[in-house]
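What you are looking at is a predicted structure, and each value in this text was computed from that prediction instead of being measured.
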Amino acid sequence: MPNRARYDAIVAGLGGMGSAAAFHLARRGRRVLGLERFDVIHPFGSSHGLNRIIRLAYSEHPSYVPLLRRAYDLWHELEQLDGQTLLFTTGNLEGGLPEGAVFRGALHAAETHHIPHQILSGEEVGRRWPAYHLPRKARVLFQPDGGFLASEECILAHVRQGLARGADLRWRERVVEWGPLDDGVWVRTDHARYEADRLVVTAGAWARSLIPELEALAVPERQVLAWLRPTRPELFGLGAFPVFYLEVDEGRYYGFPEWGIPGFKFGRYHHLQERVDPDDVDREPNARDEEVLRAFARRYFPDGEGPTVALKACLFTNSPDDHFVLDLHPSYPQVAVAAGFSGHGYKFASVVGEIMADLAEQGRTGHDIGLFRLSRFLAAET
C-alpha cells in the first residue's frame, strides 16, 4: 500500500555514509526517511569487521586532508553526543618503498598541509615498534594523529543520534526503484511507496543498481581480512602498535593493533582484484585468501603469524581512479550520490554525511569536492 507521508529527504542505504547523512539531516530539523535492505549492523557491505583506519597525512591526494580535518572534528563531536570512544589514536605508519606512491604521497600531503610527522627508516621503525620487520631501505612517514574508528559502533552512534532527533529509520526494507517528480522524487521499496523533496543514495556496492550512470564507476570487489593470533601479543597490543598502510614488493597492505578480536588484523589492498556481483559473492574465505595474507605477515610481521583467529570477506566499491563520487545526479539535481569509496572511504563517513546533507538541502556544499565530481567521468565519455 502506498505511504502518503512526504519527507524532506530519503536516504537509500544506512551503512557508514547513509547513517551519517540521515543524522545530519535530522539534526538540521529535516524530516528524513532512511531505508536499509539489511539489519542495522550486518556483514554484507563494507563497514563490518570491527574497525577502520583513520590517517591524516593522506597519500592518495592532498585534497583529502581538509575533509579529514573536518571528519576528525565530527567524529569527536559524535563521541561527545553518544558518550563513548569511537576514535582510537595509535599513530600511523605510511610508506614502505622509498620511491613508492604511498610514501611520496603521504610526505607530499604532510608538507603541503603542515602536518606534524617524522620520516623513519625500516630499521628505525623496528627499533621503536619491534613487531615491524621492514627492510632497512624502507621509508615510512609516522603521523601521531593516525588510528582507527570503531566502525560498527560509529554506525550505531549515528543511528542512535539520528533517531533521537526524529529520523524515521527502517531496516530490512529494500529500495527497488525511484523516479523524479516535478517537485521531488518518489521511491518504491519492497514494502511501500514514498515521496520526498530530495533523495540521497548511499547504497555502497548496490549504488549502481539504483544509479545506472554508476554502472562502470562504482564496481564491487571482494576483499578479505585476517586476524592472526600473535606469538608475542605484547608487541601488537593497543598502545604498542601503530596502524599502518604499507607499500611493499608484494603490494599494499594495511593493519591494526589487537582490539576486540584477539588477533593481529590486516589485509591486502584490493586483495585478489576480484570483481563481483554484491548479491552473489563468495563470502567464505579460502586457503588461497589466507596464504596471500599469511605470506605478508611471515615476511614483515613474523611475531604476528600465529594461529588464525578469524577470516572475513567484505566489499570494496571502486571508481576508475580510486577517488570518491560525491555529487548531484547529472540529470536530476534533487538526487545526491555518494559512491565509489574504493576501500579507503570509511574514515570520511562523518564529513560525507555532512556533505550529503548540504547537497540535499542546498544543492551545494562549502566543502571542496571538486576532486569527486561525477562530471570527471562523464566528460571523458563525450
>> Check Arg193 with Glu177, please: is the shortest side-chain N to carboxylate O separation under 4.0 Å?
In response: no
>> Could you check whether any side-chain heavy atom of Val335 comes within less than 4.5 Å of a side-chain heavy atom of Val201, counting everything from C-beta outward?
In response: yes
> Got more than 12 heavy atoms from elsewhere within 6.0 Å of CD, Gln80?
Replying inline: no
>> Using a 3.5 Å distance criterion without hydrogens, assess whether the side chain of Thr90 forms a donor-acceptor pair with backbone atoms of Val243.
In response: yes
>> For Arg294 and Thr308, which I'm curious about, is there any donor-acceptor pair between the side chains at under 3.5 Å?
In response: yes
> How many angstroms lie between CD in Gln143 and CG in Leu107, if you round to the nearest 0.5 Å?
Replying inline: 12.5 Å
>> Please report whether the ring centroid of His271 lies less than 6.0 Å from that of Phe316.
In response: no
> Can you say whether the rings of Trp75 and Tyr346 are parallel (under 30°), tilted (30 to 60°) or perpendicular (over 60°)?
Replying inline: parallel
> Under 3.5 Å, is there a donor-acceptor pair between the side chain of Glu94 and the main chain of Val102?
Replying inline: no
>> Taking the ring centre of each residue, are Phe38 and Trp206 less than 6.0 Å apart?
In response: yes
> With no hydrogens and no angle check, is any side-chain donor or acceptor of Asp39 less than 3.5 Å from a backbone partner on Ile41?
Replying inline: no
>> If the threshold is 4.0 Å, N to carboxylate O, is there a salt bridge linking Asp321 and Arg376?
In response: yes
> Counting distance only, does the side-chain N/O of Asp82 pair as donor-acceptor with the main-chain N or O of Gln84 below 3.5 Å?
Replying inline: no
> Is the His113-Tyr58 ring centre distance short of 6.0 angstrom?
Replying inline: no
>> Between Ile119 and His117, does the side chain to side chain contact (heavy atoms under 4.5 Å, CB included) criterion hold? Intermediate values first, please.
In response: CA-CA 7 Å; Ile119 298 172; His117 66 279; 4.2 Å; yes
> Hey, mind stepping through His61 and Ser63 against side-chain hydrogen bond (donor to acceptor under 3.5 Å, both in side chains) and telling me if it holds?
Replying inline: CA-CA 5 Å; His61 197 282; Ser63 294; 3.0 Å; yes
> Does the pair Phe266 and Phe264 meet the rule for a ring-ring contact (aromatic ring centres under 6.0 Å, His included), with working shown?
Replying inline: CA-CA 7 Å; Phe266 63 100; Phe264 162 43; 4.7 Å; yes
> What's the spacing between Ser47 OG and Arg52 CZ if we round to 0.5 Å?
Replying inline: 6.0 Å
> Do Asp327 and Phe372 come close enough that some side-chain heavy atom pair is under 4.5 Å?
Replying inline: no
>> Applying the ring-ring contact (aromatic ring centres under 6.0 Å, His included) criterion to Trp178, which one of Tyr194, Tyr332, Trp186 satisfies it?
In response: Tyr332
> Which atom names give the shortest non-hydrogen contact between Leu25 and Ala9, and what distance separates them?
Replying inline: CD1-CB, 3.9 Å
>> The test is ring-ring contact (aromatic ring centres under 6.0 Å, His included); show your working for Trp259 and Phe88 and say whether it passes.
In response: CA-CA 10 Å; Trp259 182 80; Phe88 295 79; 5.2 Å; yes
>> Do the side chains of Asp183 and Arg6 get close enough for a salt bridge, i.e. N-O under 4.0 angstrom?
In response: yes
>> Rounded at 0.5 Å granularity, tell me how far CG in Leu93 sits from CG in Leu120.
In response: 7.0 Å
> So, do Tyr300 and Tyr253 have ring centers that fall under 6.0 Å from each other?
Replying inline: no
>> Quick one, Pro220 and Arg208 - any side-chain contact, counting heavy atoms below 4.5 Å?
In response: yes
> Nearest 0.5 Å, what's the CG-CG distance between Asp282 and Asp280?
Replying inline: 9.0 Å
>> Working note: Phe256 + Phe241, criterion ring-ring contact (aromatic ring centres under 6.0 Å, His included); need CA distance, chi angles, decisive distance, verdict.
In response: CA-CA 8 Å; Phe256 305 74; Phe241 187 92; 9.4 Å; no
>> Within the structure provided, determine whether Leu169 and Leu14 are in side-chain contact (heavy-atom separation under 4.5 Å).
In response: yes
>> Quick check against the 3.5 Å criterion: does Arg364 have a side-chain atom that pairs as donor or acceptor with the backbone of Leu359?
In response: no
> So with a 6.0 Å cut-off around CZ of Arg70, is the heavy-atom count from everything else above 12?
Replying inline: yes
>> Using every non-hydrogen atom in the two residues, find where Val140 and Gly96 come nearest and quote the distance to one decimal.
In response: CG1-N, 3.6 Å
>> Would the distance check show the side chain of Lys312 and the main-chain N or O of Gln223 forming a donor-acceptor pair, the cut-off being under 3.5 Å?
In response: no
> Atom SG in Cys314, atom CG in Leu225: separation rounded to 0.5 Å?
Replying inline: 5.0 Å
> Do Asp190 and Glu173 touch side chain to side chain, with heavy atoms closer than 4.5 Å?
Replying inline: yes
> Minimum heavy-atom separation for Val175 to Ala12, with atom names?
Replying inline: CG2-CB, 4.1 Å
>> Can you tell me how the ring of Phe324 sits relative to the ring of His344, calling it parallel under 30°, perpendicular over 60° and tilted otherwise?
In response: tilted
>> Does Asn318 form a side-chain hydrogen bond (donor to acceptor under 3.5 Å, both in side chains) with Glu221? I'd like the steps, not just the answer.
In response: CA-CA 7 Å; Asn318 302 319; Glu221 176 187 35; 2.8 Å; yes
>> Taking the cut-offs as 6.0 angstrom to the six-membered ring centre and 45 degrees off its axis, would you call Arg31 and Tyr7 a cation-pi pair?
In response: yes
> Is Glu79 reaching over with its side chain to a backbone N or O of Leu86, donor-acceptor style, under 3.5 angstrom?
Replying inline: yes
> If you count the non-hydrogen atoms of other residues, nucleotides and ligands that lie under 6.0 Å from CZ in Arg172, is the total more than 12?
Replying inline: no
>> Against the six-membered ring of Phe142, is Arg128 placed for a cation-pi contact (under 6.0 Å from the centre, within 45° of the normal)?
In response: yes
> Do NZ/NE/NH1/NH2 and the carboxylate oxygens of Asp358 and Arg28 come within less than 4.0 Å?
Replying inline: yes
> Between Glu305 and Arg299, is the closest basic N to carboxylate O distance under 4.0 Å?
Replying inline: no
> For Leu378, does its backbone N or O pair with a side-chain atom of Ser375 as donor and acceptor, under 3.5 Å?
Replying inline: no
>> With a 4.5 Å cut-off on side-chain heavy atoms, are Asp303 and Phe236 touching?
In response: yes
> To the nearest 0.5 Å, how far apart are CD in Glu258 and CG in Leu238?
Replying inline: 10.0 Å
> What about Tyr245 and Tyr254, are their ring centers closer than 6.0 Å?
Replying inline: no
> Do the side chain of Arg252 and the main chain of Val248 share a donor and acceptor less than 3.5 angstrom apart?
Replying inline: no
>> Taking Asp289 first and then Arg268, would you say they form a salt bridge - that is, a charged N and a carboxylate O separated by under 4.0 Å?
In response: no
> Is the shortest heavy-atom distance from the side chain of Arg298 to the side chain of Glu291 under 4.5 Å?
Replying inline: yes
>> Can you tell me how the ring of Phe244 sits relative to the ring of Tyr132, calling it parallel under 30°, perpendicular over 60° and tilted otherwise?
In response: perpendicular
> Do Glu354 and His367 pass the side-chain hydrogen bond (donor to acceptor under 3.5 Å, both in side chains) test, and can you show the C-alpha distance, the side-chain angles, and the key distance before you say yes or no?
Replying inline: CA-CA 9 Å; Glu354 184 173 68; His367 293 290; 2.7 Å; yes
> Going by heavy atoms in the side chains, are Ser350 and Leu78 under 4.5 Å from each other?
Replying inline: no
>> Between Glu215 (side chain only) and Pro212 (backbone N and O only), is there a donor and an acceptor less than 3.5 Å apart?
In response: no
>> Could you report the tightest heavy-atom contact between Ala20 and Ala349, atom names first, then the distance?
In response: CB-O, 3.3 Å
